[in-house]
Enquirer: 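Sending over a structure as structure tokens; questions will come in a sec.
In what follows, chains are A, B, ... by sequence order, proteins preceding strands, each numbered from 1.
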Amino acid sequence: MDENILITMRDISKSFPGVKALDHAQFTLRKGEIHALMGENGAGKSTLIKVLTGVYSLDAGEIHVAGVDGPVINHSTLEAQEKGIATVYQEVNLCPNLTVAENLFIGREPKTPIGTIDWRTMNKKAKEIVDGLELKIDVTIALENYSLAIQQMIAIARAVDMDCKVLILDEPTSSLDDNEVEKLFKVMRDLKAKGVGIIFVTHFLEQVYEVCDTITVLRNGEFAGEYSVEEMPRVKLVAAMLGKDFDDLASIKKEGASHVSDDVVVDATNLSHKGTIKPFDFQIKKGEVVGVTGLLGSGRSEMVRCIYGADKAQTGELKVNGKKLNIKEPLDAIKAGMGYLPDDRKADGCIGDLSVRENIILALQAKNGMFKKIPASKQNEIADKFIDMLQIKTASRETPINQLSGGNQQKVILARWLCTHPDFLILDEPTRGIDIGTKTEFQKLALKFAEEDGMSIVFISSEIEEMLRTCTRMYVMRDGAQVGEISGEMTQESVMAAIAGGGE
Amino acid sequence: MENFKKLAKKPLFLPIFCMILVLLINVIKSPDFFAIKINNGVLFGRIIDILNRGSEIAILAVGQTLVVAVSAGTDISVGSVMSLSACGCCMLLAGYGNNSVSELAVPMVVGMLFGVFMGGLSGAMNGALVAKLKIQPMVATLILFTAGRAIGLLLCNNQITYIRYEPYKYLGNFLPGCPIPTPVFVAIIVIAIVSILLKKTALGLYIQSVGINSRAARISGINSEVICFICYVICGICAGIAGIVASSRIYSADSNNIGLTFELDAILAVALGGNSLGGGKFNLAGSIIGAYTIQAITTTLLAMGVSTDKAPVFKAIIVIIIVVVQAPAFKAYMAARRAQKASVKEAA
Amino acid sequence: MKTKRKLDSNTVLVFITIALFVVMYAIGCGIYQDKGFGNLQTFLNILINNAGLICVTCGMTCVMLTGGIDISVGSVIAMDCMLLVYGMTEWKMGAVQMVILILVIGLIFGAVQGFLVGYLEIQPFIVTMAGMFFARGMTAVICSGQISITEADNPTFYAWANSKINLPEFLGKANRHGKIVVPYIRPTVIIAFLVLILIFLMLKYTKFGRNLYAVGGNQMSATMMGLNVKKTKMLSHVLSSLLCSIGGILYCLNTMSGSVNQATGLEMDAIASAVIGGTLLTGGVGNVIGSFFGVMITGTITVLVNTNGKLLSSWANIATAALLCIFIILQSVFALVKARRNK
Amino acid sequence: SDGGSTGGAAPADGGEATEAEGGDAAASGDVITVGFAQVGHESDWRTASTKSVQDAFSAANGYDLQFVDCDNDSKAQIDAVRQFVQNDVDYIVIDPIVSTGWDTVLTECEDAGIPVIVIDRTIEDSDKYVSWVGSEFMNEGLASGAWLKAYAEAKGIDDLNVLVIEGSNGSSAQIGRTDGFKKYADEEGWTILDSQDGNFTQEGGQQVMESYCKSYAGKFNVVVCQNDNEAFGAMDAMKAAGVSYGVDGDVILISFDACKAGLEYVQSGDINADFMCYPLQGSYCADIIKALQNGETVAKETFMTEPWYVAEDILPSITYTNNAGEEVTEDLIVVTDAASQASY
Ligand SMILES: Nc1ncnc2c1ncn2[C@@H]1O[C@H](COP(=O)(O)OP(=O)(O)OP(=O)(O)O)[C@@H](O)[C@H]1O
Ligand SMILES: Nc1ncnc2c1ncn2[C@@H]1O[C@H](COP(=O)(O)OP(=O)(O)OP(=O)(O)O)[C@@H](O)[C@H]1O
Ligand SMILES: [Mg+2]
Ligand SMILES: [Mg+2]
């Protein structure tokens with residue numbers, strides 16, 4: 001084995017019932033390299049990582065790890081860790097009931113001379129780590145008190161601190177804001193300098209070009225090629241991922257407000273929910289796409305949840321199509337023609353063990369009422385239609401949704417709302433964890449629904465460009481309050497300025 | 001072989017297989033186990049006993065399955081609720097304070113409906129605690145587990161209330177001229193109603209959604225609390241019906257003994273039917289087969305003359321064998337071993 | 001960071017429990033002052049009577065922390081008591097030998113249950129229910145009658161059971177017959193406290209203890225973080241059965257007898273105590289201090305009902321259930337309010 | 001409110017008396033507090049027993065009864081007795097759930113100077129109680145055997161094949177009745193085909209009998225149920241299986257307890273013989289306490305008189321050697337309306 005090589009994976013195959021997730025995949029990681037693993041949703045990236053770290057057993061193929069003679073098979077994450085492979089998996093995987101410090105150190109707690117856990121040292125070290133990441137948090141309280149973003153940072157910090165030879169990061173940036181991503185990159189570069197090999201999975205092309213050296217592309221579980229970043233322009237990379245030429249993002253253009261009618265669909269005044277969002281106003285017209293922007297944790301989700309009734313509004317008044325509406329439960333909102341794609345897919349979206357079909361028709365069924373069951377044939381028809389339309393990669397419509405890759409799960413949830421034919425659809429981070437091809441698809445779809453079906457859409461995204469491309473108007477949020485509204489000619493700079501509050 | 005493998009993939013394969021296994025032991029032990037004859041105008045035989053005596057557990061298992069599915073927890077009060085509704089029914093039929101009557105104080109139907117209503121009410125209380133106050137199911141139902149029998153005893157003025165009125169015995173024994181025990185019909189009716197409810201409405205989908213991810217279900221327009229509540233009420237009603245059947249068998253309300261430890265059997269039935277006690281997806285048919293499997297074990301032990309206080313040892317061993325055979329981890333291990341053997345053979 | 005540390009919800013639950021206990025005890029002292037409820041010995045009796053339960057509840061808490069449950073404990077205690085008594089009376093074994101034998105049996109019992117739960121991934125409720133049937137049946141297999149240990153059978157064990165540890169004399173009080181009754185505890189109480197303290201330290205300061213919390217918090221995550229979830233679950237059951245065996249010995253020192261129906265429903269007492277003490281059945285939250293107060297609360301409820309002495313059998317059960325209900329609802333309301341405030 | 005109020009009953013200590021003084025001026029002097037730890041409430045028999053004790057120690061009779069229902073939990077009973085000591089009662093009455101394991105706690109009672117009276121079930125591993133009142137279960141079993149022997153002779157049945165439905169395993173009633181009957185069965189060479197636990201319940205009796213009817217169809221002619229509830233269940237099961245029983249039937253049915261409903265069945269000829277187990281120990285207890293109050297010594301054991309009931313007027317009496325080794329002749333009572341109404 002080459003001195004410089006940390007890991008080689010050869011001809012790795014892995015099948016799940018009905019899906020061939022990996023088909024003779026190849027992968028090589030060298031010392032001091034940041035290696036991007038790219039591919040569409042469901043290409044098999046996460047599976048490759050899980051095979052490497054012993055979460056799944058492999059069907060065929062060989063794995064070699066530096067410092068170990070012969071082929072290696074890890075049977076558990078623990079074994080992988082012992083071989084110097086530290087991993088942050090795609091879904092945040094920490095124990096919310098333990099303190100931040102424990103989450104950082106569990107499995108390798110500092111010990112006192114008599115073999116008990118040395119809490120003082122542990123807390124001290126933990127504090128150093130979070131301080132190093134410029135997080136202002138108390139390491140001695142339970143992790144569940146902090147947001148998803150912070151949890152993600154802690155998961156990363158845990159892996160980084162593990163003194164590993166190989167660090168694997170599976171979509172760590174999907175819930176981080178730019179500032180935090182920058183911190184992460186700094187850490188990654190430091191490790192790289194120390195000779196650690198890093199596997200980095202992301203759907204953000206900019207990030208790949210910012211930190212990575214090498215790119216391996218997977219397509220439908222197969223190895224599509226390994227490239228060095230310098231010799232791989234964006235368009236070619238996307239083409240390699242999709243296996244076809246990529247019609248550029250430029251093709252998404254706003255029609256302007258020409259199709260927007262004057263009918264106000266939703267009109268909220270003074271809505272608020274104690275503890276999460278201060279009173280705000282909101283208005284949207286038929287066929288309009290409106291954005292909500294702000295920093296992470298600024299209350300974007302909270303604002304739309306309050307409109308939708310996921311958190312019951314305590315003050316204010318909501319009019320839908322001119323009629324006053326008192327939303328007690330999300331069902332009332334659905335009946336009034338609303339739909340809400342939540343940002344936390346795992347907790348608020350997917351019904352894990354249920355099939356793709358059942359997940360798709362769920363909201364429609366709820367809208368129809370319990371006693372008007374949608375006939376089986378109709379259910380199949382709807383499911384097939386959306387699997388086809390959104391190109392959901394699934395073995396069959398009866399596959400449980402939790403066996404789908406992250407991005408495809410998101411598409412199923414979108415299908416759930418589309419099939420209720422809402423007048424007003426809230427998309428909260430619909431593109432989080434979604435590959436570039438599908439992202440564009442989502443943006444196009446949003447515009448198409450607005451234009452052709454006259455749907456009013458709220459679009460929330462951490463990527464300002466995405467919102468610029470789709471929205472005609474944006475509400476600006478800061479610290480749990482609505483602080484303004486911008487419209488007209490918007491640029492990245494003007495939006496950023498509004499978010500930062502420089503304009504006041 | 002291919003066909004068998006396909007069969008083995010069916011979700012109900014294992015529960016049925018286990019049931020057959022238990023019955024097989026009987027055939028070996030005593031061939032006349034399966035003998036059914038008409039005796040005294042009614043069907044007579046061990047198999048009939050299993051169907052007859054298993055009815056209460058089957059009825060309870062129906063309700064328990066829904067509760068487990070929707071709340072990932074178990075309702076341990078069903079045994080006490082059985083007793084409570086039996087007492088409620090008999091108290092009304094006898095009139096408060098009378099401990100033995102041969103004339104009913106109110107029409108029989110009224111008494112029975114009242115008993116079922118008591119069951120529903122208990123279910124509603126459990127449901128409210130679990131759905132609204134978010135108390136863990138086992139803890140919430142612990143309250144009625146403790147108090148149910150006691151309230152029943154109070155209703156019966158601290159004594160066993162006998163209803164020595166011939167038609168009252170019909171429900172738990174035989175209808176005149178009908179050779180099949182009535183509890184079998186009651187079980188069939190309860191199972192049928194719940195199955196139709198699940199088939200013809202979206203309740204099944206709702207229950208599973210709430211059981212798997214109640215937050216997501218709520219966002220999708222399902223009123224999680226109401227669905228959870230409904231399941232507990234159904235479970236309570238099932239317990240009420242089972243209680244009245246049990247009471248009719250002995251034409252009395254014996255608050256201490258009606259439904260004693262039935263909650264364990266009901267939960268066991270759900271698990272033997274291949275359902276996860278962690279909630280979510282469920283299979284009603286499995287639970288029902290599980291219920292009759294348990295009764296088959298009990299009847300077998302009785303037939304073999306194993307004394308009731310030692311019988312649990314055998315019951316435990318059978319249960320463990322059944323659940324181990326069903327365990328995915330065990331299946332995977334066996335599959336791996338088979339593969340290993342095959343590869344060794346190939347190599348040779 | 002030191003300023004105004006947020007109390008985490010687990011600690012709050014324990015404080016609620018302790019506060020409720022104190023309030024209830026104070027009310028009891030007020031109402032039943034004339035019946036000696038306020039005597040120090042009444043309190044000590046709660047400890048003496050529940051020494052075994054405290055051990056069992058510690059074990060139960062450990063299992064519940066992983067998200068599991070162990071409903072075999074009541075039957076295991078019955079089996080332990082029966083075996084202890086039978087061994088000492090019929091086989092004429094020594095007290096120490098029997099104690100060791102019981103502990104070994106506990107370990108084996110726990111290992112089997114643990115293996116089934118941890119490695120074969122069978123639901124703990126079902127495994128321990130089978131364990132419950134098994135142990136109860138075995139009790140009858142060992143002996144289906146009622147047997148007891150007398151001084152003649154085994155003087156050592158008899159001495160253990162009857163030795164008193166007197167508290168300082170000035171705490172004593174004269175009873176109606178003019179005798180100064182010095183408050184005392186039995187050695188069982190000391191053992192129970194030792195177990196309590198050891199388990200508390202284990203949960204807080206050992207890797208295994210923290211693993212229990214991690215597994216209960218999120219099993220998937222624990223696996224992904226490289227913990228051996230299967231082993232942890234198995235060991236939790238071993239620990240529970242071991243503590244249950246210790247509890248069984250203490251129980252036997254209290255009752256000095258074995259019978260088939262002994263300790264029926266004790267598992268529910270243990271679970272209820274742990275839950276009242278703030279342990280969640282879903283796992284990941286709780287600690288043994290809370291569980292201890294849970295035991296004290298259930299014990300106090302019993303004493304209150306007994307001291308009243310006017311309740312019909314049914315009312316006694318209903319009173320117990322009602323108090324339990326009030327406790328659980330109060331706790332849940334506190335938790336809901338706190339969750340809302342946190343949001 | 002009773003702590004120091006018992007000054008008349010037992011010499012009260014000064015300090016104690018002052019403490020309780022405020023509590024009750026009205027209930028002067030001679031209220032006697034009694035703590036009663038009852039088994040539970042599992043049967044009509046038990047309810048009758050509880051009621052008799054409660055009636056005997058009513059406030060009207062000058063008692064303050066502290067009643068604890070232990071719900072068949074032997075440890076709860078020990079706890080309750082400890083609590084009585086703390087509550088400083090004058091007397092403790094125990095119906096022990098188990099016959100063993102009492103030494104420690106009875107020592108505590110003794111230390112506190114509180115006399116203990118045991119009723120119904122027995123305590124075997126300690127003699128630190130002043131008196132016991134109850135039934136001689138062994139005699140009930142012996143009487144049933146003696147009756148069956150005489151009855152079979154009178155009827156000319158010489159091949160007796162017996163099925164027994166036992167009571168809860170390990171209870172003194174089950175042990176006594178089983179042993180007593182078995183003594184006769186062994187002596188006379190009757191075949192006991194099977195003997196299973198029916199748990200003293202109707203459901204249990206029914207289920208066991210259902211099984212018997214299949215396993216021993218046509219092979220048995222005597223069924224012994226160890227209480228009336230089991231007999232009711234067994235009757236239903238036999239009826240369903242088409243087996244005739246009772247006075248005109250193929251099967252002789254023997255039962256114990258002789259509660260009201262049981263005697264009604266004896267009267268109608270469904271049950272051949274019913275051996276009473278008398279539950280009303282209350283007045284006996286009260287007598288003992290009165291004697292103790294007066295400083296008299298009391299008998300260590302008091303057996304209650306228990307009548308034997310039969311359906312047919314064939315045998316006037318039975319003679320057998322009772323557990324105390326005495327040969328006794330006891331009358332058999334043919335049940336009348338008056339007898340069954342008078343029962344509990
Ligand atoms: N546990 C599982 N059971 C069955 N199928 C699975 C399982 N995990 C993954 N798959 C399937 O394997 C394929 C590859 O999934 P994987 O999660 O590796 O994709 P991915 O490249 O990480 O996608 P994404 O970017 O959306 O996260 C998908 O089609 C998915 O449905
Ligand atoms: N960096 C941080 N430090 C401390 N608390 C944070 C941080 N980020 C978020 N939070 C907390 O988490 C809560 C919810 O954040 P959440 O991410 O849901 O907000 P959001 O505006 O919907 O953002 P987004 O949907 O883009 O993630 C916020 O109210 C905030 O208190
Ligand atoms: Mg992935
Ligand atoms: Mg958000």
Enquirer: Given a strict heavy-atom distance threshold of 4.5 Å, which part of B:Asn256 is in contact with chain C: side chain, backbone, both, or neither?
Expert: neither
Enquirer: Drop me the distance from B:Lys315's NZ to C:Met132's CE, to the nearest 0.5 angstrom.
Expert: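 Here the interatomic distance stands at 10.0 Å.
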Enquirer: First locate atom CD1 of C:Ile329, then atom CG of B:Leu133, and finally report the distance between them rounded to the nearest 0.5 Å.
Expert: 5.5 Å
Enquirer: Could you go step by step and tell me if C:Ile69 and B:Met138 meet the side chain to side chain contact (heavy atoms under 4.5 Å, CB included) rule?
Expert: CA-CA 11 Å; C:Ile69 198 161; B:Met138 197 171 162; 3.4 Å; yes
Enquirer: Taking C:Leu120 as the fixed residue, which of B:Val324, B:Val323, B:Ile320 is the one that meets the side-chain contact (heavy atoms from CB on, under 4.5 Å) rule?
Expert: B:Val324
Enquirer: What part of C:Val141 gets closer than 4.5 Å to chain B, counting heavy atoms only: side chain, backbone, both or neither?
Expert: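 Answer is both: backbone and side chain atoms of C:Val141 are under 4.5 Å from chain B.
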Enquirer: Nearest 0.5 Å please: distance from the CZ atom of C:Phe134 over to the CZ atom of B:Phe314.
Expert: 10.0 Å
Enquirer: Of the backbone (N, CA, C, O) and the side chain (C-beta and beyond), which part of B:Phe145 lies under 4.5 Å from a heavy atom of chain C, both, or neither?
Expert: side chain
Enquirer: More than 12 foreign heavy atoms under 6.0 Å from OH of B:Tyr96: is that the case here?
Expert: yes
Enquirer: Side chain, backbone, both or neither: which part of C:Leu280 has an atom under 4.5 Å from a heavy atom of chain B?
Expert: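 Backbone plus side chain of C:Leu280, per the 4.5 Å heavy-atom cut-off to chain B.
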Enquirer: Heavy-atom cut-off 4.5 Å, strictly under: side chain, backbone, both or neither for B:Leu129 against chain C?
Expert: side chain
Enquirer: Which heavy atom of C:Gln123 sits nearest to which heavy atom of B:Ser276, and what is that distance?
Expert: NE2-CA, 3.0 Å
Enquirer: Please check if the number of heavy atoms outside C:Lys231 that lie under 6.0 Å from its NZ is greater than 12.
Expert: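 Incorrect, the count does not exceed 12.
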Enquirer: Mind checking which of residues 260-268 of chain C sit less than 4.5 Å from chain B, heavy atom to heavy atom?
Expert: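 Hits under 4.5 Å: C:Val260, C:Met268.
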Enquirer: Taking side chain as everything from C-beta outward and backbone as N, CA, C, O, which of these in C:Ile122 sits under 4.5 Å from a heavy atom of chain B? Side chain, backbone, both or neither.
Expert: side chain
Enquirer: Measuring from atom SG of C:Cys143 to atom CG of B:Asp309, what distance do you get when rounded to the nearest 0.5 angstrom?
Expert: 10.0 Å
Enquirer: Between B:Leu268 and C:Phe133, which heavy-atom pair has the shortest distance, and what is it?
Expert: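 Distance-wise, the nearest heavy atoms are CD2-CE1, 4.0 Å.
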Enquirer: Is it the backbone or the side chain of B:Ile76 that comes under 4.5 Å from a heavy atom of chain C, or both, or neither?
Expert: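 Answer is side chain: those atoms of B:Ile76 sit under 4.5 Å from chain C.
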Enquirer: Using a cut-off of under 4.5 Å on heavy-atom pairs, state which of B:Val319, B:Thr146, B:Val139 scores highest against chain C.
Expert: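 With the most close heavy-atom pairs to chain C, the winner is B:Val139.
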Enquirer: Who wins among B:Gly278, B:Ala147, B:Pro137 for the most heavy-atom pairs under 4.5 Å with chain C?
Expert: B:Ala147
Enquirer: So which atom in B:Ile267 and which in C:Ile126 form the shortest heavy-atom distance, rounded to 0.1 Å?
Expert: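 Closest approach of B:Ile267 to C:Ile126, heavy atoms only: O-CD1, 4.3 Å.
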Enquirer: Can you name the nearest heavy-atom pair linking B:Gln136 to C:Thr279, along with the distance?
Expert: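 Scanning both residues, the minimum pair turns out to be NE2-O, 4.4 Å.
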Enquirer: At a heavy-atom separation under 4.5 Å, does C:Met129 approach chain B through its side chain, its backbone, both, or neither?
Expert: side chain
Enquirer: Restricting to non-hydrogen atoms, name the atom on C:Ala321 and the atom on B:Ile143 that form the minimum distance, rounded to 0.1 Å.
Expert: CB-O, 3.5 Å
Enquirer: Does atom NZ (C:Lys310) have a neighbourhood of more than 12 heavy atoms from anything else shown, all under 6.0 Å?
Expert: yes
Enquirer: Is B:Ile135 close to chain C through its backbone or its side chain, or both, or neither, when contacts mean heavy atoms under 4.5 Å?
Expert: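 When you check distances to chain C, only side chain atoms of B:Ile135 fall under 4.5 Å.
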Enquirer: Would you indicate whether the side-chain heavy atoms of C:Glu121 and B:Pro328 approach each other to under 4.5 Å?
Expert: no
Enquirer: Report the residues that fulfil side chain to side chain contact (heavy atoms under 4.5 Å, CB included) with C:Leu304, sequence neighbours left out, ordered by chain and then residue number.
Expert: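 Once residues adjacent in sequence are excluded, the partners of C:Leu304 under the side chain to side chain contact (heavy atoms under 4.5 Å, CB included) criterion are C:Met24, C:Tyr32, C:Phe37, C:Thr300.
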Enquirer: Do you know which of B:Ala327, B:Gly73, B:Ser307, B:Ala316 has the most heavy-atom pairs under 4.5 Å to chain C?
Expert: B:Ala316
